[in-house]
Amino acid sequence: MKDMDRSAAAAIDRLRKQIAYHEKKYYQDNDPQISDAEFDAMMRDLRRLEEAHPELIVPESPTQRVGGQPVEGFPSVRHRTPMLSLDNVYSVEEFEEFESRLLRLLPGRTISYVAELKIDGLSVSLLYRDGRLIQAVTRGDGIQGDDVTANARTIRTLPLTIPERREVEVRGEIYLPFASFQEINRAREAREEPLFANPRNAAAGSIRLLDPRIVAARRLDMFLYYLTIEGKEPASQWEELELIGALGFKTNPHSRRCPDAAAVIAFWREWTDRRETLDYDADGVVIKVDDEEQRRELGFTAKFPRGAVSFKFPARQAATRLREIIVQVGRTGALTPVAVLDPVKISGTTVSRATLHNEDEIRRKDIRIGDIVLVERSGDVIPRIVGPMKERRTGSEKEFVPPGRCPVCGSRVHRAEEEVVARCENPSCPAKLRESLLHFAGRRAMNIEGLGEALVDQLLEKNLVASLPDLFALRAETLAALERMGPKSSQNLIEEIEKSKANDLGRLIFALGIRHVGEKTARTLAERYADMDALAAASEEELRLIEDVGPVVAESLVFFFRQPENLDLLKKLRAAGVNVRSERKAPAGDRPLTGKTFVLTGTLKGYTREEARAALEARGAAVTDSISKKTTYLIAGAEAGSKLEKARKLGVPVLTEKELDAFLRD
Ligand code: IVH
């Protein structure tokens, strides 16, 4: 290896270690040590160095988490030891029976336990060899599963390397946090794709996507709870969890060592209530005999290990009568059926409405008005109807007939052939305006705090607002006269509205509620276009070239900006002082090489020294004449002399002209 290559290899190695450290701090410990910009700069540096030295790229480099290529499929892999599941208990009594059985098998002994949350995801086994993640396999049928290595690597909390040379197998649960689940379903809704029923289905669907780039965007996560290392056997489950954590894996922070069955029951009771506060789904707690020796003695039944059990939480489902199906009109005029239920308590919350998504779903599940239906809620997701209990029908149930007219304005509704929903076609339907206003003011859009449903309804009722721009003409005195509004809250709202004018362009684009344009697409568009006019003038062909903008989105954008009433709306928003310009130019402090100091030496082939200096400075770098410990990189051309020597002495990474090219490419 040439000297310079050796130095690049050292720089690469150092960056990889730093990045792995900061990934753990950021993603696992929620304790970032550096700014996002600094982290991004490290990744950028590493990418550039690897581009210049492709021979040094290894699969466990942090740049390789998201592979560039879709995979062909998921080869089947046999588990080294079967991945079993656990027997279930559903009540304190059943758990006590479980413990009595253990005491019969281990007479005279005291048994202590570890209680862990039972994460509702999918279990996966990971294999590390020589400290590197080499394989991830789903549980499958327990004997063999699917190799999903490329997708598992995209999980940010999962270390690609561990400080253990021996072969390690770890197992755990891949899950999707509620926030990511809702984001995925919102995007699917915008594209009119079928929704995932719960986070577990979404996680299972995501891990089987062929394109790791899409998987990476889904933000899967993983808790580990099982480990085997050749020649090393932790004496207890608790020590095993500690070892898993010490190797850099994410373990669930709520696990608890329980000295006896009473402590286990207390843990289960506590989490039966507290599970709603988690940002992921847990469907019970897993109780494991802590002592490894005892667990080995207990052995297995035909199906399960005897030393562990899954202690389920009470179901978050309940049966109740479907009284009525009402139809709501959304922002785009979409008619959505909503179930009105006899109020029923499900894990502490009274549920009286549930979403029915669309007519086809009602028909597919054969849900009828008057049915006793099974309703399910999980976390903060809107309750849904699992299905009707057909055996409890009396014959008086009625089929739902979709309305031919808008329930709000009475206009004709239309269902396009390729769509799952019918829409109200009246452009000035008050229901649409109501939803548009709520969407516009929403937290993820213009973020106008205080402009909620109650107020919007009053504004519409009193004819104070007939379109979005009218919001900006509201006055505090007018608002103060409305119900439940005083001078103070009116003034606050006016200030919120005023403040929203300065929002970035991405928020405004999203706030307009253009069909199929979600938050992320809106942000991408705001980065691409200098202002709203430039976006409005973009052609369908041009828009399609943008990443995340497919033909459907492009068509929808062009359609939106072709409507005279929308152009008029934009004109009025601008006249009201709403920001329509992009901030896409990165501020001076945030250029790609900001904070880095370069020294140039020797003769470069492609540039004069001055050209190279100017190019580096234009990207925010400082270029100095002499080497010191503070120098980030020395760029060495041909016949480099004493500076090269000094750099080596001080341990300053030395880069070639080819590597400089990579820095200057964009
Ligand atoms: S231990 C022998 N611990 O629940 C099986 N499982 O029926 C050892 N699960 O298939 C599993 N959280 O998918 C274990 N902390 C936890 C768990 C957990 C979720 C899942 C796992 C397993 C099923 C047990």
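All ligand and atom numbering here is 1-based and tracks the order in the structure. By convention here, the first residue in the shown sequence is residue 1. All values derive from a computational prediction rather than experimental measurement.
Within the 4.0 Å heavy-atom shell around ligand 1 one does not find Ser310. Judged by the shortest distance from any of its heavy atoms, Leu117 lies inside the 4.0 Å radius around the atoms of ligand 1.
The closest protein non-hydrogen atom to atom 5 (C) of ligand 1 is Leu84 O, 3.2 Å. Annotation: atom 8 (C) of ligand 1 to nearest protein heavy atom, Leu86 CD2, 4.1 Å. Among protein heavy atoms, the minimum distance from atom 15 (N) of ligand 1 is reached at Glu116 OE1, 2.8 Å. Here the heavy atom of the protein found nearest to atom 22 (C) of ligand 1 is Tyr225 OH, 4.3 Å. Nearest protein heavy-atom neighbour of atom 13 (O) of ligand 1: Glu173 OE1, 2.8 Å. In terms of protein heavy atoms, atom 10 (O) of ligand 1 is closest to Ser123 OG, 3.8 Å.
Here Ala308 has no heavy atoms under 4.0 Å from ligand 1, in either its backbone or its side chain. Only the side chain of Lys288 comes within 4.0 Å of ligand 1, judged by heavy-atom distances. In Lys118, the parts holding a heavy atom less than 4.0 Å from any atom of ligand 1 are both the side chain and the backbone. Residue-level proximity to ligand 1 for Asn88 is absent, since no heavy atom of it falls below 4.0 angstrom.
Cation-pi contact between Arg171 and Tyr225: absent, since separation from the ring centre below 6.0 Å together with deviation from the ring axis within 45° is not met.
Close approach of ligand 1 to Ser85 (heavy-atom distance below 4.0 Å) involves ligand atoms 7 (O). Distances below 4.0 Å separate heavy atoms of Ile119 from the following atoms of ligand 1: 12 (N), 19 (C).
Here the CD1-CZ distance, from Ile12 to Arg47, works out to 13.0 Å after rounding to the nearest 0.5 Å. Taken from CD in Glu96 to CZ in Arg101, the straight-line distance is 13.0 Å, to the nearest 0.5 Å. Summarising the geometry, atom CZ belonging to Arg275 is positioned 12.0 Å from atom NZ belonging to Lys118; distances are rounded to the nearest 0.5 Å.
Shown here for Thr336 and His357, the closest heavy-atom pair between the two residues is CG2-O, 3.6 Å.
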Contacts table for residues 132-142: side-chain donor-acceptor under 3.5 angstrom, sequence neighbours left out:
unit_1, atom_1, unit_2, atom_2, d
Arg132, NE, Glu60, OE2, 2.4
Thr138, OG1, Asp146, N, 2.9
Arg139, NE, Met83, O, 3.1
Arg139, NH2, Met83, O, 3.4
Asp141, OD1, Ile143, N, 2.9
Asp141, OD1, Gln144, N, 2.8

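Asp291 has no carboxylate O lying under 4.0 Å from a charged side-chain N of Arg295, or vice versa, which leaves the two without a salt bridge.
Here Phe249 pairs with Tyr128 under the ring pair (Phe, Tyr, Trp, His ring centres under 6.0 Å) rule; sequence neighbours left out.
Taking the six-membered ring for Trp and the full ring otherwise, the centers of Phe223 and Tyr280 sit less than 6.0 Å from each other.
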